[in-house]
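Below: one structure, written as structure tokens.
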2 protein chains.
Amino acid sequence: MFSKSCEYAIKAMIFVAQKSKDDNRVGIKAIAKGTDAPEHFMAKIMQDLSRRKLIHSVKGPNGGFYMDKADLKTSIASIVKAIDGEVIYTDCVLGLKVCSEKNPCPVHFEFKEIKKNLIKMIENNTIADFNDKLDSGKFFLKNK
Amino acid sequence: MFSKSCEYAIKAMIFVAQKSKDDNRVGIKAIAKGTDAPEHFMAKIMQDLSRRKLIHSVKGPNGGFYMDKADLKTSIASIVKAIDGEVIYTDCVLGLKVCSEKNPCPVHFEFKEIKKNLIKMIENNTIADFNDKLDSGKFFLKNK
DNA sequence: ATAATAAAAGATAAAACTATCTTTAATTTA
DNA sequence: TAAATTAAAGATAGTTTTATCTTTTATTAT
Ligand code: FES
Ligand code: FES
């Protein structure tokens, strides 16, 4: 569904949001551990998210990644777009050069509805929403 | 959504079904051309489908790939399973080791519905269904 | 200033996926 | 039987994705 990088990115955003209450910052090691991701790979992804302003960071002692109030309003869709691009929005399920109603592949209309629901879901759910959920202790970012 | 191999496989199955009416056979070149896929790569995929009995083949002059009545009842889901495996059925969207209701990731229940509809769709649609559609001339397997 | 910390950046490597080319084996026709 | 045809199989190569390691830069505290 999503690339590995994108999976990690979503988990990292949720994790950092969770941990960065009252101006706390989280280091890359803690993020990697808390999301069961390889540290150096996750570091790359965090750089990406940081460059794209989905998350903030400070270097040096007591530095790390954090999110402000505005960042918490980020939708899953924004993360997916930042990491995987617009494929879900634009690409044909069967790989036709362009996906269109005028030149549809055989499965176009069957997938139209499914894609619509998928997009609606990732656009309507923000990091803050998942944050609240995690607080309940009923949801997990890893399960080794 | 699906791997490139899987996209080609689905297109190939629809293409061969279309062309293999009244005991005709289709060569790998025609399949590659008709689905806008690289010939040698498609040959590998056809070997796979053939080994898994989703399609049949005969070598030699007038040989090629074909489908019988039973083959036409193959669902999209069967093709996806043959090429990409059970990922859509079993894997966690965020990459947790196991996807379960007891240890769900934050997006588990949001995606549950979407995955259910996706699976229902690919299980309920057979090659024969798409075959009929293509006959209408309103659907395409390539659009260069 | 200096030392310690932590992210950013760069370089490299391993694995998976996609693609191509060549050889072999089976089948048909003549 | 010989030649032609076509899928099957094997070997190789390119690309992208995933992952790791090293160096640099910014920041803080002493
Ligand atoms: S043309 Fe294939 S999904 Fe739209
Ligand atoms: S646990 Fe993540 S989708 Fe089920």
Side-chain angles (χ1 to χ4, degrees), chain A residues 1-12 15-16 19-20 23-67 80 82-85 87 91 94-95, chain B residues 1-13 15-16 19-20 23-33 35-67 80 82-85 87 91 94-95:
Chain A
M1 187 76 89
F2 305 127
S3 71
K4 211 76 194 154
S5 298
C6 193
E7 291 176 8
Y8 289 149
I10 295 170
K11 291 206 283 184
F15 183 81
V16 173
K19 297 286 177 183
S20 73
D23 283 343
N24 264 344
R25 286 150 189 175
V26 209
I28 184 63
K29 272 182 193 161
I31 297 172
K33 206 165 190 179
T35 57
D36 191 23
E39 185 184 325
H40 292 98
F41 190 27
M42 183 57 104
K44 285 295 174 203
I45 294 164
M46 297 311 289
Q47 281 172 36
D48 244 47
L49 293 174
S50 175
R51 236 178 279 119
R52 290 165 191 279
K53 314 279 187 199
L54 296 185
I55 207 167
H56 292 89
S57 70
V58 276
K59 293 181 180 180
N62 296 319
F65 297 89
Y66 67 96
M67 294 169 83
V80 173
I83 305 292
D84 283 350
V87 275
D91 286 18
L94 293 190
Chain B
M1 188 76 87
F2 305 127
S3 71
K4 210 76 195 153
S5 298
C6 195
E7 291 176 7
Y8 289 148
I10 296 170
K11 291 206 283 184
M13 289 285 282
F15 183 80
V16 174
K19 297 286 178 183
S20 74
D23 284 343
N24 264 344
R25 287 149 187 176
V26 208
I28 185 63
K29 272 183 193 161
I31 297 172
K33 204 163 191 180
T35 57
D36 191 23
E39 185 184 325
H40 291 98
F41 189 28
M42 183 57 104
K44 286 293 176 204
I45 295 165
M46 296 311 290
Q47 280 171 37
D48 245 46
L49 293 174
S50 173
R51 235 179 280 118
R52 290 165 191 279
K53 315 280 186 197
L54 297 185
I55 206 167
H56 293 89
S57 69
V58 278
K59 293 181 179 179
N62 294 319
F65 297 89
Y66 68 96
M67 295 170 85
V80 173
I83 305 292
D84 283 349
V87 276
D91 286 19
L94 293 190

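Protein chains get the first letters and strands the later ones, always in sequence-line order, with residue 1 at the start of each.
- Contacts between residues 40-50 of chain A and DNA chain D, defined by a heavy-atom separation below 4.0 Å, involve A:His40, A:Phe41, A:Lys44, listed by number.
- Note on the helix from C:dA1-D:dT30 to C:dA30-D:dT1: terminal axis deviation equals 0°, with five pairs used at each end and the result rounded to 10°.
- Comparing A:Phe2 and B:Ser57 along DNA chain D, the residue whose closest nucleotide (by nearest heavy atom) sits nearer the 5' end is B:Ser57.
- Considering B:Lys33, B:Met46, B:Lys44 as possible partners of B:Ile28, the one that fulfils the side-chain contact (heavy atoms from CB on, under 4.5 Å) test is B:Met46.
- Looking at every heavy atom in both residues, B:Val26 comes nearest to B:Phe15 through CG1-CE2, 3.8 Å.
- In this entry the distance linking NZ of B:Lys4 with C1' of D:dG14 reads 16 Å, nearest Å.
- Residues B:Ser5 and B:Phe41 share a closest heavy-atom pair of OG-CZ, 3.4 Å.
- Distance check, rounded to the nearest 0.5 Å: SG of B:Cys6 to CG of A:Leu94 gives 9.0 Å.
- Where A:Gly63 and A:Arg51 each meet DNA chain C at their nearest nucleotide, the meeting point lying more 5' is that of A:Gly63.
- Closest approach of A:Met42 to A:Ala12, counting heavy atoms only: CE-CB, 3.6 Å.
- B:Tyr8 comes within 4.0 angstrom of sugar-phosphate atoms only, judged by non-hydrogen atoms across all strands, and of no base.
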Letter per nucleotide, 5' to 3', of nucleotides 24-30 of chain C [B base touched, S only sugar-phosphate touched, - untouched; heavy atoms, 4.0 Å]: -BBBBS-
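- In this structure, B:Phe2 and B:Glu7 approach most closely via the heavy-atom pair O-OE2, 3.8 Å.
- The minimum heavy-atom distance linking A:Ser20 with A:Asn24 is given by the pair CB-O, 3.3 Å.
- Nucleotide D:dC21 holds its C1' atom 15 Å from the CD1 atom of A:Ile28, rounded to whole Å.
- Interatomic distance, A:Asp36 CG to A:Lys11 NZ, rounded to the nearest 0.5 Å: 5.5 Å.
- The two residues B:Tyr66 and B:Ser57 have their closest heavy-atom pair at CE2-N, 3.9 Å.
- At least one side-chain heavy atom of B:Leu49 sits under 4.5 Å from a side-chain heavy atom of B:Ile83.
- Between B:Met67 atom CE and D:dA7 atom C1' there is a gap of 17 Å when expressed in whole angstrom units.
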